[in-house]
Amino acid sequence: MVLFNVSRVETTPFGDQKPGTSGLRKKVKVFKQPNYLQNFVQSTFNALTPQNVRGATLVVSGDGRYFSKDAIQIITKMAAGNGLRRVWVGQNGLLSTPAVSAVIRERVGIDGSKATGAFILTASHNPGGPNEDFGIKYNMENGGPAPEGITDKIYENTKTIKEYLTADLPDVDITTIGVTSFSGSEGQFDVEVFDSASDYIKLMKSIFDFESIRKLLSSPKFTFCYDALHGVAGAYAKRIFVEELGAQESSLLNCVPKEDFGGGHPDPNLTYAKELVARMGLGKSNSEVEPPEFGAAADGDADRNMVLGKRFFVTPSDSVAIIAANAVEAIPYFSAGLKGVARSMPTSAALDVVAKSLNLKFFEVPTGWKFFGNLMDAGLCSVCGEESFGTGSDHIREKDGIWAVLAWLSILAYKNRENLGGGKLVTVEDIVRNHWATYGRHYYTRYDYENVDAGAAKELMACLVKLQSSLTEVNEIVSGIQSDVSKVVHADEFEYKDPVDGSISKHQGIRYLFEDGSRLVFRLSGTGSEGATIRLYIEQYEKDPSKTGRDSQDALAPLVAVALGLSKMQEFTGRSAPTVIT
């Protein structure tokens, strides 16, 4: 057994290490500065209770992006230096964000140990590579992201840090499954490298009826395509879809995880998942090849998902509503009923209508998965989602992209249980249109203005807040831009009081609510590593079944004009068009 010594290394604060709702994200070159990562990790250890550090078990893995392998070695040595008992690492350093949550909650070590937390190394859907993004976040013993009380402590610690603890361990081989043991002054320290997929697959098999999905995927009527965008989902795709469910290996696209995501942007939307979009018949050029019946994509760390039917896009807002509406009959895990449902504030109100119809508890929360986690820990929520391609349930405390795909496959399998032998296949589009006929349609789009000058973005938001003081003035501006748009009846900055812990979250987005149920929402997003991202959400509710089949952009055009005019978007940002339209 290799002996190690612990040393204290002097350091100085950087001042820019405030973690957002998704952890700390910066360019790789920032993280590569001497002591930058070490300062954040030590500040995190110092923010935790002693029982979650000394003698504890820590998970350290991520989406495999550039700099992850270096970071794993640094954090492992610091874990030993801080008196942890063991570190668990997914083979090759790979664990999806949902799998990390599952491992914290479900995995029992060889010696009966359980993890008390995790460092997840990811910048989610942001690009990877030497000149791109890296990120780190800490998840707690419930498997969910650290709450604000902890992230605030971490930030305060980063501003005053003077030293960090580390051990003189050799680098550990993370490519081979097994345990490497070391001995220090406080006793043994182990690094266990384990299979990245097995715990997660076991959990999925306890939730879904794999046999019914296998029957669907083996039917000659049903064709399937899954795109991991060279993210960590590739470490799970073959094991689940091919080996467990019998899909053809040719149905997998970009399922080899790469440090730079193959040079692409691992964000599962119509802009960046170009290859899948083309294969599903939604590209600009018409292909003579018949598209598959079902397609899906994941982001870099596999917590987000995009669902497509043949020549048909399912909005994330509709997706969570449809899963909730069909969960009890189609997914065994929910057979006893749903405890409640929740969505993030910018997400369309499609889920609200389902909740009201099914008499379910309903919650509207700020953006950030930790808000859902509180509801789930209190037994108040079973299914939740957000418009930014995140969908999940109370099986873990993170959004879960592969779970969402399996949920959709379960619904398709249930709807087609009688007609896989003969009869017409019930398609993704059929399911969505039937849902609209039952509950109405929420026309919805999101405009993202990425890497906008941060000062200009703040000015735009301040102007929108100031405007809210006079609805008369707002409505004069609205009618001047588009006379046939409904009247604004309420405007505010969204504020949330958590029903579980009573905490209050302010300034969570600027809302303009219209008389006919339409909404405009403006938010500054913290998921980028440079500049600011302005997100504009536009929604219109249509109950008349004869009007639910319009093209979304056509239906929303009047509201889009109002939003751009009201916010003076071009004037403040200098942008004549958004970076991404979803």
Side-chain angles (χ1 to χ4, degrees), residues 98 101 142-145 207-208 303-305 307 314-411 414 431-432 434-436 438-442 444 494 496-501 505 508-509 511 517 519 521 537 539 541 543:
S101 187
N142 73 340
I207 294 170
F208 300 103
D303 63 348
R304 298 182 187 218
N305 73 95
V307 170
V314 183
T315 72
S317 298
D318 278 342
S319 181
V320 67
I322 289 164
I323 291 171
N326 292 279
V328 173
E329 58 186 13
I331 301 170
Y333 179 83
F334 299 117
S335 58
L338 300 180
K339 298 162 191 169
V341 295
R343 64 165 174 84
S344 65
M345 182 276 285
T347 303
S348 94
L351 185 62
D352 313 32
V353 182
V354 171
K356 189 175 180 183
S357 175
L358 301 182
N359 199 25
L360 295 169
K361 287 192 189 82
F362 168 77
F363 303 90
E364 181 182 32
V365 306
T367 298
W369 210 259
K370 61 191 172 189
F371 298 104
F372 295 131
N374 263 11
L375 296 171
M376 290 171 178
D377 285 345
L380 296 171
C381 177
S382 297
V383 172
C384 57
E386 52 189 21
E387 48 68 39
S388 53
F389 296 88
T391 326
S393 91
D394 59 352
H395 67 292
I396 55 170
R397 295 297 178 268
E398 289 278 6
K399 53 196 167 218
D400 190 344
I402 289 176
W403 174 90
V405 173
L406 291 170
W408 265 93
L409 290 173
S410 297
I411 293 165
Y414 179 79
I431 290 169
V432 176
N434 286 336
H435 184 89
W436 292 340
T438 305
Y439 297 102
R441 180 177 181 183
H442 294 258
Y444 186 88
F494 182 61
Y496 177 69
K497 183 176 182 182
D498 194 302
V500 179
D501 62 20
S505 301
Q508 295 297 315
R511 305 190 297 179
R519 294 193 312 163
V521 175
Y537 310 84
E539 173 183 1
Y541 181 48
K543 283 189 288 191

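In this text the structure is predicted, and so the values were computed from the model without any measurement. Residue numbers count from 1 along this sequence.
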Open item on the list: Working to the nearest 0.5 angstrom, can you tell me the gap between R511 CZ and F494 CZ?
Closed with: 5.5 Å

Open item on the list: Keeping S357 on the side-chain end and V353 on the backbone end, is there a donor-acceptor pair under 3.5 Å?
Closed with: no

Task: Sub-4.5 Å side-chain heavy-atom contact between L360 and K339 - done: no

TODO: Flag the pair D400 / T391 as yes when at least one side-chain heavy-atom distance between them is below 4.5 Å, and no otherwise.
DONE: no

Task: Nearest-0.5 Å distance, CG of residue D318 to CD1 of residue I431 - done: 12.5 Å

Open item on the list: Measuring only between side-chain heavy atoms, which start at C-beta, is V500 closer than 4.5 Å to D377?
Closed with: no

Open item on the list: Give me the atom names and distance for the closest heavy-atom approach of S101 to R397.
Closed with: OG-N, 3.0 Å

Would you list the atom pairs, donor with acceptor, under 3.5 Å between side chains in residues 320-332 and any protein atom, with sequence neighbours excluded?
{"residue": "N326", "atom": "OD1", "partner": "K415", "partner atom": "NZ", "Å": "3.1"}
{"residue": "N326", "atom": "ND2", "partner": "I322", "partner atom": "O", "Å": "2.8"}

- [ ] Give the C-alpha distance, both sets of side-chain angles, the deciding distance and a yes or no for side chain to side chain contact (heavy atoms under 4.5 Å, CB included) between V365 and R343.
- [x] CA-CA 6 Å; V365 306; R343 64 165 174 84; over 6 Å; no

Open item on the list: Taking the side chain as everything from C-beta on, heavy atoms only, tell me whether C384 gets closer than 4.5 Å to F371.
Closed with: no

Task: Where S317 and E387 come nearest, the two heavy atoms and their spacing - done: OG-CB, 3.9 Å

Task: Side-chain donor or acceptor of E539 paired with backbone N/O of A349 under 3.5 Å - done: yes

Task: Minimum heavy-atom distance G385-F372, with the two atoms named - done: O-CZ, 3.5 Å

Open item on the list: As an exercise, state the distance from OG1 of T347 to CD of E386, rounded to the nearest 0.5 Å.
Closed with: 6.5 Å

- [ ] Can you tell me which residue pairs pass the ring pair (Phe, Tyr, Trp, His ring centres under 6.0 Å) test with a partner in residues 319-357, sequence neighbours excluded?
- [x] none

Task: Pairwise distance CG(D352) to NE2(H442) - rounded to 0.5 angstrom - done: 7.0 Å

Mind listing the side-chain donor-acceptor pairs of residues 401-410 below 3.5 Å, one per line with the distance, residues two or more places apart or on another chain?
{"residue": "W408", "atom": "NE1", "partner": "S319", "partner atom": "OG", "Å": "2.8"}
{"residue": "S410", "atom": "OG", "partner": "L406", "partner atom": "O", "Å": "2.7"}

TODO: Work out which heavy atom in D303 is nearest to a heavy atom in K399; give both atom names and the distance.
DONE: OD2-CE, 3.1 Å

Task: Spacing of CZ belonging to F363 relative to OG belonging to S344, to within rounding of 0.5 Å - done: 15.0 Å

- [ ] Could you pull out the closest heavy-atom pair between R519 and E364, with the gap in Å?
- [x] NH1-OE2, 3.7 Å

Task: Rounded distance (nearest 0.5 Å) linking atom CG of L351 with atom OH of Y439 - done: 10.5 Å

Task: Backbone N/O of S388 and side chain of R304: donor-acceptor pair under 3.5 Å - done: yes

- [ ] Answer yes or no: is there a donor N or O on one side and an acceptor on the other, between the side chain of S382 and the main chain of L338, under 3.5 Å?
- [x] no

